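All figures in this text were calculated on a predicted structure; none of them were measured in a lab. Here is how names work: the chains are called A, B, and so on, in the same order as the sequence lines, proteins then strands, and each is numbered from 1. Every heavy atom of this structure was used, including side-chain atoms; hydrogens, water molecules and symmetry mates were not.
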Amino acid sequence: MPAANVIQLRQILSERFPGLRTRAEELTTATRKHWPTGLPRLDQSLHGGFPRGALTEIVAEQRGSGGALLMIALIHQAFRENQFIAVIDGHDSLDVTRIGEDLSRLLWVRCASAEEALKAADLLLRDGNLPLVMLDLAVNPAAQFRKIPATTWYRFQRILEQTSTACVVLTPHAMISPAPVRITLRSRLSLQALETDPEDLLRELKLEISETRRSELREPLENSA
Amino acid sequence: MFAAVFIPNFSLQAVLRSDPGLRSRAIALVDPGLPKPVIVQLTPTARSFGVAEGLTASQAMARCGELMIKARSLPQEQTATDVLWQTAYAFSPRIEATAPGVCTMELKGLNLSFNQDSIGPWTANILQALASFHLDAQIGLAITPELALFAARTANPMLAIQNPSEFISGLPVAALEPPPDTLEILQRWGIQTIGALVALGPDRVAERLGPAVRELFNRIATTSARPLKLIDPPAEFIEQMDFENEIETIEPLLFVLRRFVEQLTRRLESIYLVVAEFQLRLGLASGVNYERSFKIPAPTGNIETLFRMLHTHLETLRTDSPIVSLRLGARPSLPETHQFGLFETALRDPNQFAETLVRLMALCGPDRVGTPQPEATHRPDAFRMKVGVHALACPPSTLKREHQQPGPPLRRFRPAIAAHVEFRNHRPALLRSPAFTGAIAEARGPFLSSGDWWDTGRWAREEWDVQTSDGSLFRIYRATEGCFVEGVYD
């Protein structure tokens, strides 16, 4: 039975630092095997977050479906957890001035093409130092994807299996067969969204989550927060 | 009690350090600095073929067809000297640079005696340390520095003189290195050994040959020891080599470089230090030097890690002329011990990550990989890139939530896409650009912004957020250069 002052200390810590784990048992198997996104809807549906050592595909089929919004939310979550993170920007489109002032834990790789981005991803996944690597190909021209052999994603999956890195790939259409998790963004931002708080926008995002390996298609999570 | 470490054929050994596989072959060293370049030192294999000091290269080649002629290298001798001093300093704090290839150590306070059990392991460690740097040494121990040097020259590989008088008397008088005319007179007198010279007595010899000859007797005095001229070993750790042939491909360069990394790492390891930085200098045939410094993110003594870092860089290096010399310096540091804070996480292998960054920079360009730092200005998309692993290895950021601007972020077009915008009633109505062509359904704006009016880089723009007929949200702006699509909200 912990002493009263220990309980009090834990309470103060959890109030001041909401994401902090104050007890060893809180480091569950799910946390070790998943990278928590900090978004309750996603974490609940994905049993704790993005799977570590595996690919996660986020499909943003339309412009304005919230891909960049989600990506910046994940960057913020990594910062809150004091983790290093890499963003491989396939079309050099990330607006870094929107992320925050202190970006010292963000490695930004600005690529000129999808092919270059894949080579950069290969290097970073083999490195295995970072807990989360995001590969953003959402706005790359369709012609660049035709040059990507399907085996690339299987190779990435094999590399990832040796590490504890979670790799999130944003694509304009479903293309990553070995990804155990695929999240499809179904939202469409309106002009009124420009005055809405990003947290509210995130809550309103329409997500369709499928876990292909479990052969279990989940119901679309439409504004279910 | 003193110990002298003597490296026979020092100039030759210094040259062969960079290629120790040649030590068992017939090699002769020529000093190009002499008026008549003759062989000055040679390996035992070369001697067994009848090659001897004083022969010209062609004479020596006539006796041994397999003979390899090497040129004396003063930079490599300096490196070997540094290695000798640094190794000696690891075993005694009082050392003297007695001569090229000779280092004398004072053993006072080291709790050593002439007993074999006491000095045997100690000298074996010195010999082993020098052997790891590809230097074969001999060690002599005696009660004076001069006697220790005499002992070192005759040692195989270690000799401790417990009875100095007996040892000296049997040595040839030439071992004292008297002036040539003095040696000739002594030999005409029939004085062959130091024992015979001592028997004459210093006064009688000085009467006939002059007072300078007393110096010879001082060298073999056993009653008093001269004080050593103490030195501190250099704090620099450098390996260098001038290539005999110009190097045009990476393989031979990497072969030598790996040896250098191994040697430098071992040298530092012997004094319990690790590599914090490498300074690489490639001498090019055009006379220009290529220099580059490699800071090791987590100072280490791991040869593979250090070599891989250099290898990765050299793979992408192109020089305009062949390489004629190589110099690698190491800045030492204490092994890093770091205790992380409660909320701090770190890279598992910073050195591996630094190497990955170098590869990424080679792939994408050095200005396109790094940590972005927003600039303190209202100019849109103003940031600069901070590169290197140290940009990431900074103190942990605070846990507070960043203040977020309303609305979704922009996916920027870099550079902004030139567009034709048709305005109706001072509001954008039609957009024609590679990003979208069609009617604008709704628009917010204008948002006016400007800055740097005090400077040549002044800017002013009129921004609009527009929703096109297909539902996309764009940010467009009008400036003096025309209209542009800056990005799409996503």
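The two atoms that bring Val96(A) and Pro372(B) nearest to each other are CG1-CG, 3.7 Å, heavy atoms only. Residues Asn129(A) and Gln352(B) share a closest heavy-atom pair of ND2-CG, 3.9 Å. Heavy-atom minimum distance, Arg63(A) versus Asp490(B): C-OD1, 4.5 Å. Residues Leu107(A) and Leu357(B) approach most closely at CD1-CD2, 3.6 Å, considering heavy atoms. What you find for Gly100(A) and Pro374(B) is that their closest heavy atoms are O-CG, 3.5 Å. Closest approach of Pro408(B) and Leu69(A) over heavy atoms only: CA-CD1, 4.1 Å.
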Begin from the C-alpha positions of Leu130(A) and Phe353(B) and carry the test side chain to side chain contact (heavy atoms under 4.5 Å, CB included) through to its verdict.
CA-CA 9 Å; Leu130(A) 302 176; Phe353(B) 192 68; 3.9 Å; yes

Assess the residue pair Glu116(A) and Leu363(B) against the criterion (side chain to side chain contact (heavy atoms under 4.5 Å, CB included)); give the C-alpha distance rounded to whole Å, side-chain angles, the decisive distance to 0.1 Å, and a yes or no.
CA-CA 7 Å; Glu116(A) 193 175 286; Leu363(B) 174 69; 4.1 Å; yes

Thr97(A) vs Arg379(B), side-chain hydrogen bond (donor to acceptor under 3.5 Å, both in side chains): CA-CA, chis, key distance, verdict:
CA-CA 10 Å; Thr97(A) 56; Arg379(B) 180 191 289 273; over 6 Å; no

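Contacts between Asp470(B) and chain A at a heavy-atom distance below 4.5 Å involve backbone atoms as well as side-chain atoms. Contact of Ala443(B) with chain A is made through the backbone alone, with heavy-atom distances under 4.5 Å. For Ala382(B), the part sitting under 4.5 Å from any heavy atom of chain A is the backbone (N, CA, C, O) and nothing else. Contact of Leu473(B) with chain A is made through the side chain alone, with heavy-atom distances under 4.5 Å. Looking at Ser65(A), the atoms closer than 4.5 Å to chain B (heavy atoms on both sides) sit in the backbone and in the side chain alike. Only the side chain of Phe383(B) comes within contact range of chain A, judged by heavy atoms closer than 4.5 Å.
Within 6.0 Å of CH2 on Trp454(B) lie more than 12 heavy atoms contributed by other residues, nucleotides or ligands. Heavy-atom contacts from other residues, nucleotides or ligands closer than 6.0 Å to CZ of Arg155(A) number more than 12. Atom NE2 of His378(B) has 12 or fewer neighbouring heavy atoms from other residues, nucleotides or ligands inside a 6.0 Å radius. The environment of CZ in Arg427(B) is crowded: more than 12 heavy-atom neighbours from other residues, nucleotides or ligands sit within 6.0 Å.
One finds the SG atom of Cys364(B) at 10.5 Å from the CZ atom of Arg110(A) (value rounded to the nearest 0.5 Å). Within the model, atoms CG of Leu123(A) and CD of Glu355(B) stand 9.5 Å from one another, a figure rounded to the nearest 0.5 Å. With values rounded to the nearest 0.5 angstrom, Asp102(A) atom CG is found 8.5 Å from Gln373(B) atom CD.
Side-chain N or O atoms of Thr371(B) include one that pairs as donor or acceptor with a backbone N or O of Leu106(A) at under 3.5 Å.
Two residues are said to be in side-chain contact when any heavy atoms from C-beta on lie closer than 4.5 Å; Glu195(A) and Arg444(B) meet this criterion. For the pair Gln192(A) and Glu442(B), the minimum side-chain heavy-atom distance is below 4.5 Å. The shortest side-chain heavy-atom distance between Val109(A) and Arg368(B) does not fall under the 4.5 Å cut-off.
For the side chain to side chain contact (heavy atoms under 4.5 Å, CB included) test with Arg411(B), the passing option among Asp92(A), Leu94(A), Asp95(A), Asp136(A) is Asp136(A); the others fail.
Across Gly471(B), Gly487(B), Ala376(B), the residue that shares the most heavy-atom pairs under 4.5 angstrom with chain A is Gly471(B).
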